[in-house]
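Here the structure is laid out as structure tokens; the discussion comes afterwards.
Atoms within each ligand, like the ligands themselves, are counted from 1 in listed order.
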Amino acid sequence: INKKFLIGFTVWSLAIGHQYSSLGTQPILCGSIPGLVPKQLRFCRNYVEIMPSVAEGVKIGIQECQHQFRGRRWNCTTVNDSLAIFGPVLDKATRESAFVHAIASAGVAFAVTRSCAEGSATICGCDTRHKGPPGEGWKWGGCSEDVEFGSMVSREFADARENRPDARSAMNRHNNEAGRTSIIEHMHLKCKCHGLSGSCEVKTCWWSQPDFRVIGDYLKDKYDSASEMVVEKHRESRGWVETLRPKYNFFKAPTERDLVYYENSPNFCEPNPETGSFGTRDRICNVTSHGIDGCDLLCCGRGHNTRTEKRKEKCHCIFHWCCYVSCQECIRIYDVHTCK
Ligand SMILES: *[C@@H]1O[C@H](CO)[C@@H](O)[C@H](O)[C@H]1NC(C)=O
Ligand SMILES: *[C@@H]1O[C@H](CO)[C@@H](O)[C@H](O)[C@H]1NC(C)=O
Ligand SMILES: *[C@@H]1O[C@H](CO)[C@@H](O)[C@H](O)[C@H]1NC(C)=O
């Protein structure tokens with residue numbers, strides 16, 4: 001198998017991203033997006049209205065990944081290669097691959113759901129099905145976000161390539177689904193008060209998605225506690241099929257909400273084009289932290305350099321009655337530590 005084929009998810013995502021940004025307000029031409037499999041092409045044509053949200057979803061997923069991993073050896077760097085935006089890092093079935101798949105699928109479900117609720121497409125809208133009876137002191141109102149539609153779009157598109165009977169496909173499907181499930185699990189009621197001068201005589205509520213940061217924090221926890229699996233081969237009527245089984249029997253088996261992987265990560269200390277590691281030389285480290293962002297761990301024991309940097313900052317701010325603030329500009333000197 002062509003290795004790039006394994007990272008189908010990111011292939012299409014970037015393809016659409018480029019397509020969308022280069023075309024601006026022009027319609028998306030599904031046929032000109034490179035790397036789509038027939039199922040995705042059909043899907044793109046049927047749902048062309050929401051393709052910009054799909055691209056937006058991948059983008060917010062990547063941004064959240066970069067936020068969650070900002071101080072770590074692997075910091076979710078993307079490279080400028082239209083066929084594999086993360087470089088070869090995702091070729092292996094590691095925790096990092098698991099996280100990227102989960103957060104990108106979650107991002108797509110999230111962005112599509114949000115844009116449907118905002119009324120930006122004719123094929124989707126608010127969720128009118130799962131309302132249930134009104135609660136004490138409130139009634140349904142506003143637009144409940146239809147996370148099932150958003151998840152369906154994410155599933156149809158992101159999982160379209162993951163239909164091989166091999167272990168990597170099984171892993172990607174599992175982690176993609178875990179990402180989408182995290183959104184469904186964090187749906188909550190949002191309410192608004194109506195009444196004279198802010199009184200809450202009438203309260204209307206609707207289902208809302210959480211902030212995407214909540215999803216990022218949650219999936220980062222799942223990354224930290226991801227389950228290591230081993231690959232098993234079975235003979236079935238359609239031929240050999242690979243499935244995943246927990247490596248350690250004494251740990252709780254992963255649920256559909258957990259992330260799974262079956263290959264160990266490189267340590268990302270030194271640059272290595274084969275594993276997609278950039279190394280940590282010249283990365284900024286935190287000299288007072290004992291965590292992974294601290295100079296000891298981030299620099300992999302190579303030590304660090306220190307330089308001073310002058311930064312302009314607002315200072316001596318005064319509040320004037322009423323109502324503005326005036327400030328002076330000061331130069332502050334900072335120590336900046338970077339890995340050797
Ligand atoms: C992430 O890592 C890359 C490669 O080491 C580095 O160039 C980049 O500045 C880092 N980004 C952040 C936000 O630290
Ligand atoms: C990245 O790719 C885009 C589009 O292919 C290109 O316009 C841009 O110059 C590239 N940037 C770098 C730093 O290579
Ligand atoms: C560095 O680490 C310390 C201790 O963990 C933390 O309090 C501080 O905010 C960190 N500084 C930066 C710039 O992240």
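Relative ring orientation between Tyr218 and His186 is described as perpendicular, the plane-to-plane angle rising above 60° on a 0-90° scale split at 30° and 60°.
Scored by the ring-ring contact (aromatic ring centres under 6.0 Å, His included) test, Phe250 finds Tyr248 as partners (sequence neighbours excluded). Tyr223 meets the ring-ring contact (aromatic ring centres under 6.0 Å, His included) test with Phe69; sequence neighbours excluded.
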Start with the C-alpha gap between Arg173 and Glu162, add the side-chain angles, then the distance that decides, and say whether salt bridge (Lys or Arg N to Asp or Glu O under 4.0 Å) holds. CA-CA 6 Å; Arg173 280 196 307 269; Glu162 310 295 359; over 6 Å; no
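Those atoms of ligand 3 that come under 4.0 Å of a heavy atom in Thr288, given as number and element, are 1 (C), 2 (O), 3 (C).
Screening residues 313-329 for salt bridge (Lys or Arg N to Asp or Glu O under 4.0 Å) gives Glu313-Arg332 as the qualifying pairs, with residues at least two apart or on separate chains.
Within a 6.0 Å sphere centred on NZ of Lys139, heavy atoms belonging to other residues, nucleotides or ligands number 12 at most.
Enumerated by chain and number, the residues approaching ligand 1 to less than 4.0 Å through a heavy atom are Arg70, Asn75, Thr77, Phe278, Gly279, Arg283.
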